[in-house]
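Please read the structure below before turning to the comments.
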Amino acid sequence: MQILSVTPLDKRRSKVLTDEDFAFALYKGEVRAYGIEEGAVLSQEVYEEILKKVLFKRAKERTLYLLKSRDRTELEIRKKLKEGFYPQEAIDYAVAFLKNYKYVDDENYGRNFIRTYAGRKSKRQIEFELKNKGLPKETVDLLLEECQVSEEAQILKFLQKKGYDRETVQPKEKGKLAAALVRKGFSYEAVYGVMEGDGRSGW
């Protein structure tokens, strides 16, 4: 493969772009040590050495550092490594390491996420956020069945905070409150069920 460019990322690192349409980052000393410069040819043998001796180890260390602050899904880890200009081989290696030692477990992440936000977010909002974090719809659906989300209690709390009284509320104000709840991800059925006091909420 041919090196198209070597561009400084910061004072210590440079981004190496190849003609095979992928890039990776190295420290400037490593760039010099491997004789990497614009227009030069990077043999497969040297590239494999860079991968195994430098980038695999660095990608693994980077992921462990990322997990120190909070749990993350596989997709989040992959995105972070891609943003750091790790090649796909290094990303796959680091993720395989994490999954092997259960440092990354999307199903467990989803379960903990739902338990944390079951009293603060709607099912729809939780589903949306977990899908964006890379969890399949089937997994999210199963976890939502397993972990109860108290939507009616959340709706009731919101209405009480707003001073809602179904006996005196004006239609316009009622509509505004309903719309606000729907924007939070609650269904019209759940919202009006609590607003009308159909017996499910006990209000």
Side-chain angles (χ1 to χ4, degrees), residues 9-10 12-13 15-18 20-27 30 44 47-158 181-187 189-191:
L9 286 172
D10 50 41
R12 303 173 62 197
R13 300 179 304 146
K15 182 180 74 172
V16 180
L17 179 65
T18 76
E20 295 186 9
D21 198 29
F22 70 89
F24 54 93
L26 293 175
Y27 287 107
E30 294 163 347
Q44 187 63 32
Y47 177 65
E48 292 289 339
E49 181 178 333
I50 292 172
L51 274 177
K52 293 175 181 177
K53 290 188 175 181
V54 179
L55 298 177
F56 279 6
K57 179 182 177 182
R58 193 168 294 157
K60 183 174 74 172
E61 291 173 346
R62 175 61 177 159
T63 59
L64 292 174
Y65 174 80
L66 289 170
L67 291 169
K68 279 185 177 180
S69 57
R70 65 176 180 84
D71 288 340
R72 298 173 190 266
T73 63
E74 179 180 338
L75 180 63
E76 289 176 320
I77 290 291
R78 288 184 177 277
K79 283 182 176 179
K80 281 290 185 181
L81 290 178
K82 190 172 183 180
E83 289 169 4
F85 298 107
Y86 288 93
Q88 192 61 48
E89 298 98 324
I91 295 174
D92 290 341
Y93 172 84
V95 169
F97 166 80
L98 295 177
K99 293 174 77 172
N100 184 54
Y101 286 94
K102 301 295 183 181
Y103 292 141
V104 166
D105 184 332
D106 282 2
E107 185 174 320
N108 193 52
Y109 179 97
R111 186 176 290 108
N112 290 334
F113 184 93
I114 293 171
R115 287 172 178 166
T116 299
Y117 294 104
R120 287 181 275 169
K121 296 178 184 286
S122 66
K123 286 183 181 180
R124 191 175 299 172
Q125 188 175 0
I126 288 172
E127 182 179 8
F128 175 79
E129 292 185 23
L130 287 178
K131 284 181 181 177
N132 280 347
K133 291 175 180 291
L135 273 71
K137 183 181 185 304
E138 296 77 13
T139 300
V140 177
D141 289 344
L142 287 172
L143 291 174
L144 283 171
E145 288 180 12
E146 175 187 327
C147 308
Q148 294 297 314
V149 177
S150 54
E151 286 197 322
E152 291 183 7
Q154 293 180 61
I155 295 169
L156 178 57
K157 183 177 179 181
F158 175 88
L181 285 162
V182 170
R183 285 195 296 271
K184 290 177 178 288
F186 299 105
S187 68
E189 181 184 8
V191 170

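- Looking at heavy atoms from C-beta onward, N132 lies out of side-chain contact with L75 at the 4.5 angstrom threshold.
- Here the side chains of R72 and L67 are in contact, with some heavy-atom distance below 4.5 Å.
- Side chain of E151 to main chain of F186: no donor-acceptor pair is present (N/O by atom type, distance under 3.5 Å, no hydrogens or angles).
- Side-chain contact between T63 and V95 is absent, with no heavy-atom pair separated by less than 4.5 Å.
- The side-chain heavy atoms of D92 and R78, taken from C-beta on, include a pair separated by under 4.5 Å.
- When side chains are defined from C-beta on, R115 counts as touching E146, because their heavy atoms get closer than 4.5 Å.
- For F85 and F24, the gap between ring centers reaches or exceeds 6.0 Å.
- Between Q154 and S122, the shortest heavy-atom contact is OE1-N, 4.0 Å.
- Side-chain rings of F22 and Y47 approach one another, their centers coming within less than 6.0 Å.
- Salt bridge E127/K131: present, at least one basic N to carboxylate O contact under 4.0 Å.
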Next item on the list: Test side chain to side chain contact (heavy atoms under 4.5 Å, CB included) on L26 and L55 and set out the steps.
Entry: CA-CA 8 Å; L26 293 175; L55 298 177; 4.1 Å; yes

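- Within a 6.0 Å sphere centred on NZ of K123, heavy atoms belonging to other residues, nucleotides or ligands number 12 at most.
- At a threshold of 4.5 Å between non-hydrogen side-chain atoms, the residues Y109 and E74 do not count as touching.
- Between the side chain of R70 and the main chain of L66, no donor-acceptor pair closer than 3.5 Å is present.
- With rounding to the nearest 0.5 angstrom, the CD1 atom of I155 is 6.5 Å from the OG atom of S187.
- Checked for salt-bridge contact, E129 and K133 miss the test: no charged N lies under 4.0 Å from a carboxylate O.
- Counting heavy atoms of neighbouring residues, nucleotides and ligands inside a 6.0 Å radius, atom CG of N100 exceeds 12 of them.
- Under the 30°/60° scheme for interplanar angles, the aromatic rings of Y93 and F56 are found to lie parallel.
- For the pair R124 and G185, the tightest heavy-atom approach, listed with the atom from each and the gap, is CB-O, 3.2 Å.
- What you find for D106 and V104 is that their closest heavy atoms are OD1-CG1, 3.9 Å.
- The shortest side-chain heavy-atom distance between T73 and L130 does not fall under the 4.5 Å cut-off.
- Minimum heavy-atom separation, A25 to L9: CB-CD1, 3.8 Å.
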Next item on the list: Given side chain to side chain contact (heavy atoms under 4.5 Å, CB included), test Y86 with L51 step by step and report yes or no.
Entry: CA-CA 10 Å; Y86 288 93; L51 274 177; over 6 Å; no

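- Going from atom CZ of R12 over to atom OH of Y27 covers 4.5 Å, rounded to the nearest 0.5 Å.
- We find that K80 and E76 are not joined by a salt bridge, their nearest charged nitrogen and carboxylate oxygen being 4.0 Å or further apart.
- Taking the centre of each ring, F113 and Y117 come in below the 6.0 Å mark.
- Atom CD in Q125 sits 13.0 Å away from atom CZ in R183 (nearest 0.5 Å).
- Between E30 and R58 a salt bridge is recorded (basic side-chain N to carboxylate O distance below 4.0 Å).
- To the nearest 0.5 Å, atoms CD1 (I114) and NZ (K121) are separated by 12.5 Å.
- Contact record, L81 with A94: CD1-CB, 4.0 Å, taken as the closest heavy-atom pair.
- Rounding to the nearest 0.5 Å gives a distance of 9.5 Å between CG of D105 and CG of D71.
- Remark: side-chain polar atoms of S150 are not paired, donor with acceptor, to backbone N or O of A153 under 3.5 angstrom.
- A donor-acceptor pair is defined here as one N or O able to donate and one able to accept, closer than 3.5 Å; such a pair exists between the side chain of T116 and the backbone of N112.
- When all heavy atoms of A90 and A59 are compared, the closest pair comes out as O-CB, 3.8 Å.
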